[in-house]
Every structure is written in structure tokens, then in C-alpha cells.
2 protein chains.
Amino acid sequence: MRPIAERFKALSDPNRLRILMMLKTKPLCVCEISAILRLANSTVSKHLSILRQAGFIVDEKDGRWVNNRLATAQESPEAISLLPQISTWLGDENLIQSDQTKLVTIDRVTICQVD
Amino acid sequence: MRPIAERFKALSDPNRLRILMMLKTKPLCVCEISAILRLANSTVSKHLSILRQAGFIVDEKDGRWVNNRLATAQESPEAISLLPQISTWLGDENLIQSDQTKLVTIDRVTICQVD
DNA sequence: ATTCCATTTCGTTATTTAGCGAAATGTAGA
DNA sequence: TCTACATTTCGCTAAATAACGAAATGGAAT
């Protein structure tokens, strides 16, 4: 019961839904997501840990970067089974589409400099 | 975006998941649900309004009783499309099954007396 | 009209959550 | 080893949430 409620709670925040939709396009690091959502890195890191705990995403360390990607159906069948539905519901939204276009041109190294 | 996050938020509370599973068996009034969940009527009433707002249930007034039932696929296709998945995930749980057996023998008039 | 009683709304409290910035962590490269 | 820098953890604050009991609402029946 608890784990299932947890799963839905992970999906109950608009910023976390945006993150999932972005990860459908490609794996991303914390600072790329921060740049698009305009949230502090620490906030994004927390959102990612909630999504990870609920089985939606997996992190893969690559040097000092951490790539976050969607879990596969093998890794987390229950969580992943919800994604097509979510995509259908959110695909039309302006905000989601605007996130997608930002994703295409984003450059990790440029974006993530503290400056 | 917001309405979709709302929908998942409605599913993020264990007591609301129990309510949905109970309503799969039959329509129920506030005080029947209160008796099974062991929560105050006002608390259950609030949970029901959240589920209603999110499209999962519909209330039908019958004199001074209010019967709460699951929405149909016609009334709320998006919300209702999630229910089979939820059933699959929760059907095994002891708590859910124990709720079901209580439902069979429950008598609205006996249960709901203030006494 | 008045009473009864299921339900909803209101007011309150305790807990959880989203957000931030600052400090801690850990890896790559100088 | 030391520095740089992406990430995570910590401490905090403001807002949201779940719970309760008491008061308000509204239909049925006397």
C-alpha cells in the first residue's frame, strides 16, 4: 500500500512530471534540469531522489556528472507502465513542449558553469 | 499540468486508495467508510471531495444519505483508466482484503447511528 | 414547524513538503 | 596534494495536508 501511494505521490508534483517528460527525450544531469525548470540544484536533486525512490528513474555516475535516465521496463515494470499514460496526457501542454525545445539546444558545459 | 498532478495527488494517500478499492465493490456513504477506515466522518468527507474533484468518484444524493460510487469511463475516462492498474497492484494487500470482507456484512443503519 | 441525523464546512493542530542557500562530499585534472 | 566543480546533504522557512471536534447545512419524517 505505502509503496504504491509513494509511487503516485512522486507523480503529484508538476515539476517532477516535467522532469519525467524531459527524461523521455534524453538522460540529463542535475544542472541541465535546474536550468530548464529554473530551480536550485539542491531542489532538483531532491526531486530526482524522490523519482528514483519510486522507481521511475536511475542515476548513472560519469565522472563528476550524474546522468539521470528513465528506468527500463525490466528495471521497474510497475512504475514504467504508467509512463505512456502520462505522456499522452501531458504531450499537448505548452510548458512541456517548450521544455522539449530547450532540451534540443542545451549544452551541459555552458549551462552548468557557476560563472 | 495541474489537473494531472492533482489526479495523482488524489491517489497518493493510502486511505484514499482504500476508499477507491472499496467503491469497486459497491457504492458507500460517508459513515460506512468511516466505520471501516476508523476515521472521523469529516475526514472521510474531505477525502471523498478530493477523489470527486479528481474525477474518480461521483456522489448521488438519496434522501439524507449520499451514495458515493466510482465514476464510469464515460463520465471520467482519464481518471478511470488508472483503476485497473491500481486494482492489480493493491488486490493482494491484506488490508484491502480485510476491508472487502467487512464490506460484505456492513449494515448502513446499524453502523451509522450516533448511538 | 420542529426534530432527527447524515453530511459538509470551519477552525485548529501536527506533520509533511517544496523551496532556498550554505556547507559537505567526491571525482577529475593540474 | 590541491583545486575546481557537479552533486548531495543540512538547516531553515513558508505553504500544503491530514486529522479531529464542533458548528452549520439540508432532507425526512413526525
Side-chain angles (χ1 to χ4, degrees), chain A residues 1-2 5-20 23 27-54 57-69 106-115, chain B residues 1-2 5-20 23 27-54 57-69 106-115:
Chain A
M1 171 81 81
R2 280 313 170 103
E6 282 293 302
R7 194 133 72 214
F8 287 119
K9 187 166 306 213
L11 299 175
S12 74
D13 180 275
N15 286 322
R16 287 196 291 269
L17 291 174
R18 288 173 73 187
I19 292 173
L20 286 180
L23 294 183
L28 295 167
C29 66
V30 168
C31 60
E32 289 173 303
I33 297 170
S34 300
I36 296 178
L37 299 187
R38 302 186 136 282
L39 291 174
N41 286 347
S42 58
T43 303
V44 170
S45 179
K46 184 71 166 97
H47 280 312
L48 289 170
S49 82
I50 290 168
L51 289 170
R52 195 178 312 121
Q53 181 73 22
I57 71 174
V58 170
D59 62 339
E60 293 177 333
K61 305 194 196 322
D62 174 21
R64 59 176 185 269
W65 305 88
V66 178
N67 287 308
N68 296 274
R69 61 166 176 81
I106 208 167
D107 171 35
R108 171 175 300 190
V109 178
T110 310
I111 286 293
C112 297
Q113 299 303 356
V114 177
D115 68 332
Chain B
M1 170 83 78
R2 280 312 168 100
E6 281 292 301
R7 196 176 299 148
F8 287 120
K9 188 168 304 212
L11 299 175
S12 73
D13 180 274
N15 286 322
R16 288 197 288 272
L17 290 174
R18 288 173 73 187
I19 291 173
L20 286 180
L23 295 184
L28 295 167
C29 66
V30 168
C31 60
E32 290 173 303
I33 297 170
S34 300
I36 295 177
L37 299 187
R38 302 185 137 283
L39 292 175
N41 285 347
S42 57
T43 303
V44 170
S45 179
K46 182 71 166 114
H47 280 313
L48 289 170
S49 83
I50 290 168
L51 289 170
R52 194 179 311 120
Q53 181 74 21
I57 70 175
V58 170
D59 62 338
E60 294 177 332
K61 303 191 198 328
D62 175 20
R64 62 176 182 270
W65 304 87
V66 178
N67 287 308
N68 295 274
R69 62 167 175 81
I106 208 167
D107 173 33
R108 171 175 301 191
V109 180
T110 311
I111 287 293
C112 297
Q113 299 303 352
V114 178
D115 68 329

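All chains are named by letter (A, B, ...) in the order of the sequence lines, taking the proteins before the strands, and each is independently numbered beginning at 1. All heavy atoms count here, side chains included; hydrogens, waters and symmetry mates do not.
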Considering only heavy atoms from C-beta outward, does the side chain of Ile36(B) approach that of Ile111(B) to under 4.5 Å? no
The side chain of Trp65(A) is closest to which nucleotide in this list: dC5(C), dT7(C), dT7(D)? dT7(D)
Which nucleotide in dC5(C), dT8(C), dA6(D) has an atom nearest any side-chain atom of Arg64(A): dA6(D)
What are the two closest heavy atoms between Pro14(B) and Arg2(A), and how far apart are they? CG-NE, 3.3 Å
Pairs counted as Watson-Crick or G-U wobble with both distances under 3.5 Å: what dot-bracket string results for DNA chain C, using | for bases tied to another strand? ||||||||||||||||||||||||||||||
How far does CE of Met1(A) sit from CG of Asp13(B), to the nearest 0.5 angstrom? 9.0 Å
Without decimals, in angstroms, what is the distance between Ile57(B) CD1 and dT8(C) C1'? 14 Å
If I take atom CG in residue Asp62(B) and atom P in nucleotide dT7(C), what distance separates them, rounded to the nearest angstrom? 10 Å
Side chain of Arg108(A), backbone of Cys31(A): donor and acceptor closer than 3.5 Å? no
Between CG of Asp107(B) and P of dA6(C) the distance, given in whole Å, is 12 Å
Could you state the CG-C1' distance from Asn67(A) to dA6(D), rounded to the nearest angstrom? 12 Å
Considering only side-chain heavy atoms of Asp59(B), which listed nucleotide, dT7(C), dT8(C), dC5(C), is closest? dT8(C)
What distance do Leu51(B) atom CG and Leu17(B) atom CG have between them, rounded to the nearest 0.5 Å? 8.5 Å
Separation of Glu32(B) atom CD from dT7(C) atom C1', in whole Å? 13 Å
Polar atom pairs (N or O), protein with nucleotides 18-20 of chain C, under 3.5 Å:
| unit_1 | atom_1 | unit_2 | atom_2 | d |
| --- | --- | --- | --- | --- |
| dA18(C) | OP1 | Arg16(A) | NH1 | 3.0 |
| dA18(C) | OP1 | Arg16(A) | NH2 | 2.9 |
| dG19(C) | OP1 | Asn15(A) | ND2 | 2.8 |
| dG19(C) | OP2 | His47(A) | NE2 | 2.3 |
| dC20(C) | OP2 | Ala40(A) | N | 2.8 |
| dC20(C) | OP2 | Thr43(A) | OG1 | 2.7 |

When rounded to whole Å, the CD to P distance for the pair Glu60(B) and dG26(D) reads 20 Å
Using a 3.5 Å distance criterion without hydrogens, assess whether the side chain of Arg16(A) forms a donor-acceptor pair with backbone atoms of Lys9(A). yes
Whole-Å distance separating the CZ atom of Arg108(A) from the P atom of dA28(C): 14 Å
Between Asn68(A) (side chain only) and Asp59(A) (backbone N and O only), is there a donor and an acceptor less than 3.5 Å apart? no
Would you compute the distance between atom CD of Glu60(B) and atom CZ of Arg69(B) and round it to the nearest 0.5 angstrom? 4.0 Å
Does Ser45(A) use its side chain to pair, donor to acceptor, with the backbone of Ser42(A) at less than 3.5 Å? no
Rounded to the Å, how far apart are Phe8(A) CZ and dT17(D) C1'? 19 Å
